[in-house]
Structures are given as C-alpha cells and as structure tokens.
2 protein chains.
Amino acid sequence: MTAVTIQCCAPIAREPLSETDAAELAVMLKAVADPVRLRLLSMIGSHAGGEACVCDLTDAFDLTAPTISHHLKVLRTAGLIDGERRGTWVYYRIIPEAVNKLGALFAPLTEPASSRPGELELTPA
Amino acid sequence: MTAVTIQCCAPIAREPLSETDAAELAVMLKAVADPVRLRLLSMIGSHAGGEACVCDLTDAFDLTAPTISHHLKVLRTAGLIDGERRGTWVYYRIIPEAVNKLGALFAPLTEPASSRPGELELTPA
DNA sequence: CTCCTGTTTAGACGTTTTTCGAAGTAGTAC
DNA sequence: GTACTACTTCGAAAAACGTCTAAACAGGAG
C-alpha cells in the first residue's frame, strides 16, 4: 500500500505547482508538519542501523503509546516510513525517496541541480 | 516582525531533532502543508520579477478573497513570504532563506554541513 | 492453556484549522 | 468631500487534528 509518487515536481519556485501535485505534496508535508512526527522521523532516520523500535521512540516523549502509534501511522500512510514486526517488536525505517522528494521541492534555484554533487539519484520508478 | 531563525538544523536523518527545533520547524512546515498555500508559494516564487500581486493569486482559486488573504498571512507569519503595498496593489515575494532552510532539512546526508559555503550567519539561540 | 509485554485500533473530547460573509482600512479617481 | 477598487480583519460554522482511555491484537514465557 501507500503508493506514493516518488518524484513529481520541480522546485517550488521554478513553476506554479499544479492543483494535483500540490494536493499530493500537502499530504506528505502535513505528515511532517507536527513537532512530534518531525522528531519521530528524525529519530528513526538517525538511529543506528537505519531503523528504530517503537519502544525506543515512545520513551522519548511525554505521550501515551497509542498517541505515538497514531503519529507513526500518519507518517506511514504518507509514505515517509515503513514498519516491520520482528518478533515482539516493531521496527520503523525511513523511506529515503520520499524525504528526497521534499528536499527537491525546496531546493534553491540559484544553482542548477547539476552543480550539487550527488544531489539525487532518484529517477522516477 | 516575523523573526525566524534562518538556519538551525542538520538534515533530518543526521541526528535527532531537539524538541525546540522540531517545534520551530513544525510552524514553518505547517504553513506549507496546505494545497492552497503550497500553490500560492509556488505562484509567488515562480512569478516574473520574483513577486506577485494578490489580485493575480486570488483569481487562480475558487476561494474568496478573505480566504486567500488568510493563507497569505499564514505564510507571512511563518516567515516564508513578505508583502509590500505599492499604490493600489499588494505584492508578495518569497524569502529564499526560509525556503532553503526547509530544503536543508530534507537534504540527503551525502555531504557534511561544513562543505556548504556561507549558508548562514545565525547560530541557534 | 493463561499471563504478560508491546503495539494498534476504536471512540470520545477539546483545540485548531479552513472557509465564509460582513465590515473595516488603504488608496485612486472624480 | 463621495465613490469605487484592492485587500485585510472580524466573527462564526464545519471539518480536521492531537490526545486520551479502554479494548483488541500479536507474540513470547511459564
């Protein structure tokens, strides 16, 4: 599930976003536009091994487990993370293509993308 | 007004975001996490001359003028755009540093922050 | 099997957001 | 001055959101 287009749009200042692209990007941005989810994403992404257990994440907040679970679901539905159960615990990992898509959206127009070394290797699937 | 820290954070996957940084970034992301505001930002940024009149923007939507005005205010409060009245019309323009900040947040981890030239002069509070 | 821990789902409640119509402010033209 | 246009502010209604508690589900241990 969670079918998300990996690459769709030029940087925001290159040309006006279409209604469709804007709607799709807004879903992803809305997922990230919350302090708790931002921190969750950052914790998962920066965790050793590239993945983090829900149990690790829950302890870092003053929130109940269901609330954390809800936020993780929002991130997962938006296509930003993916989760997998291994035995007792569930591990989440970032989906880099999705994050790169956001990075590309806000990339500066000043220098052509070519001058940034390995900016994005992602070509649309 | 609209005092916004220009640079505060490493890419999201480098290290866990602090509670403070996450809260601050979430404000900016929330401003951008709406289809209408995304399109407004894109229209302003890609408009010839780097600025757009509210009258141009309003016509592109099926929304009333007060609603567009509200969205523009949200973007302005978040520090993403700036507006100026010249005679009869009000013109808005993007604040590139703010957009770059978002781009940096979602940038891939390939190069260490030190290799980006004089990105910014402000250190976090 | 039962019990315990980790995680998700369901439902409820208060807060925030999006939108509108109506009224207010800023500026030009007459 | 009045009249007209451009834009913003105000106040209200509906929808979406974040959080909780309670209950369900998944898996390991006894």
Side-chain angles (χ1 to χ4, degrees), chain A residues 1-2 17 19 22-44 47 51-93, chain B residues 1-2 17 19 22-41 43-44 47 51-78 80-93:
Chain A
M1 267 330 78
T2 317
L17 277 170
E19 212 168 329
E24 188 189 327
L25 287 164
V27 171
M28 216 176 307
L29 286 167
K30 216 168 280 203
V32 143
D34 176 275
V36 174
R37 291 196 291 266
L38 252 191
R39 289 179 64 204
L40 284 172
L41 195 65
S42 182
M43 284 169 157
I44 295 170
H47 202 272
E51 55 183 21
C53 169
V54 177
C55 52
D56 298 330
L57 303 171
T58 304
D59 294 349
F61 297 87
D62 263 348
L63 297 170
T64 62
T67 299
I68 299 298
S69 186
H70 160 73
H71 285 303
L72 288 170
K73 185 177 189 174
V74 173
L75 289 170
R76 189 162 17 111
T77 302
L80 287 159
I81 60 174
D82 196 13
E84 182 194 357
R85 172 162 224 133
R86 284 205 299 277
T88 305
W89 294 281
V90 175
Y91 296 88
Y92 281 94
R93 113 170 90 318
Chain B
M1 224 64 353
T2 318
L17 277 170
E19 213 167 328
E24 188 190 326
L25 287 164
V27 171
M28 215 178 307
L29 286 167
K30 215 167 280 201
V32 143
D34 177 276
V36 174
R37 291 195 291 267
L38 253 191
R39 288 180 65 203
L40 284 172
L41 196 64
M43 283 169 157
I44 295 170
H47 202 272
E51 54 183 21
C53 170
V54 177
C55 52
D56 298 329
L57 303 171
T58 305
D59 293 348
F61 296 87
D62 264 347
L63 297 170
T64 62
T67 299
I68 298 298
S69 187
H70 160 73
H71 284 304
L72 288 170
K73 184 178 189 174
V74 172
L75 288 170
R76 191 165 13 114
T77 302
L80 287 159
I81 60 173
D82 196 13
E84 182 195 357
R85 170 163 227 134
R86 284 205 299 278
T88 305
W89 294 281
V90 175
Y91 296 89
Y92 281 94
R93 123 172 39 50

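A note on names: the letters A, B, ... follow the listed sequences, proteins ahead of strands, and every chain is numbered from 1.
- The two atoms that bring B:Trp89 and B:Cys55 nearest to each other are CD1-SG, 3.7 Å, heavy atoms only.
- Atom CZ of A:Arg37 is separated from atom P of D:dT19 by 8 Å (rounded to the nearest Å).
- The backbone N or O of A:Val54 lies less than 3.5 Å from a partner atom in the side chain of A:Thr58, making a donor-acceptor pair.
- Look at CG on B:Asp56: it is 14 Å from C1' on D:dC7, rounded to the nearest Å.
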Pull out every protein N or O sitting under 3.5 Å from an N or O of nucleotides 25-30 of chain D, one pair per line with the distance.
none

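- For the pair B:Tyr91 and D:dA6, the criterion of a side-chain N or O lying under 4.0 Å from OP1 or OP2 is not met.
- Summarising the geometry, the separation between CD1 on A:Ile68 and C1' on D:dG18 is reported as 11 Å, rounded to the nearest angstrom.
- When all heavy atoms are compared, the tightest approach of B:Val32 to B:Leu38 is O-CG, 3.3 Å.
- With hydrogens and angles disregarded, a donor-acceptor distance shorter than 3.5 Å links the side chain of A:Arg85 to the backbone of A:Gly87.
- When heavy atoms are screened at a 4.0 angstrom cut-off, B:Arg86 is found touching no nucleic acid atom at all.
- Atom CG of residue A:Leu57 and atom NE2 of residue A:His71 lie 12.0 Å apart, to the nearest 0.5 angstrom.
- For B:Ala31 against B:Leu75, the heavy-atom pair with the smallest separation is O-CD2, 3.7 Å.
- Shown here for A:Ile68 and A:Val36, the closest heavy-atom pair between the two residues is CD1-CG1, 4.4 Å.
- For A:Ile44 against A:Tyr92, the heavy-atom pair with the smallest separation is CG2-O, 3.3 Å.
- Contacts between chain A and DNA chain C, taken as any atom within less than 4.0 angstrom of a protein heavy atom, begin and end at C:dG6 to C:dT9.
- A pairwise comparison of heavy atoms in A:Ala78 and A:Val27 identifies CB-O, 4.3 Å as the closest pair.
- None of B:Glu51, B:Met43, B:His47 except one satisfies the side chain to side chain contact (heavy atoms under 4.5 Å, CB included) rule with B:Asp56; the exception is B:His47.
- At a threshold of 4.5 Å between non-hydrogen side-chain atoms, the residues B:Lys73 and B:Thr77 count as touching.
- The interatomic distance linking A:His70 (NE2) with D:dG18 (C1') rounds to 6 Å, in whole Å.
- B:His71 comes within 4.0 angstrom of sugar-phosphate atoms only, judged by non-hydrogen atoms across all strands, and of no base.
- In this structure, A:Lys30 places its NZ atom 10 Å from C1' of D:dC17, rounding to the nearest Å.
- Contacts between residues 57-66 of chain A and DNA chain D, defined by a heavy-atom separation under 4.0 Å, are made by A:Asp62, A:Leu63, A:Thr64, A:Pro66.
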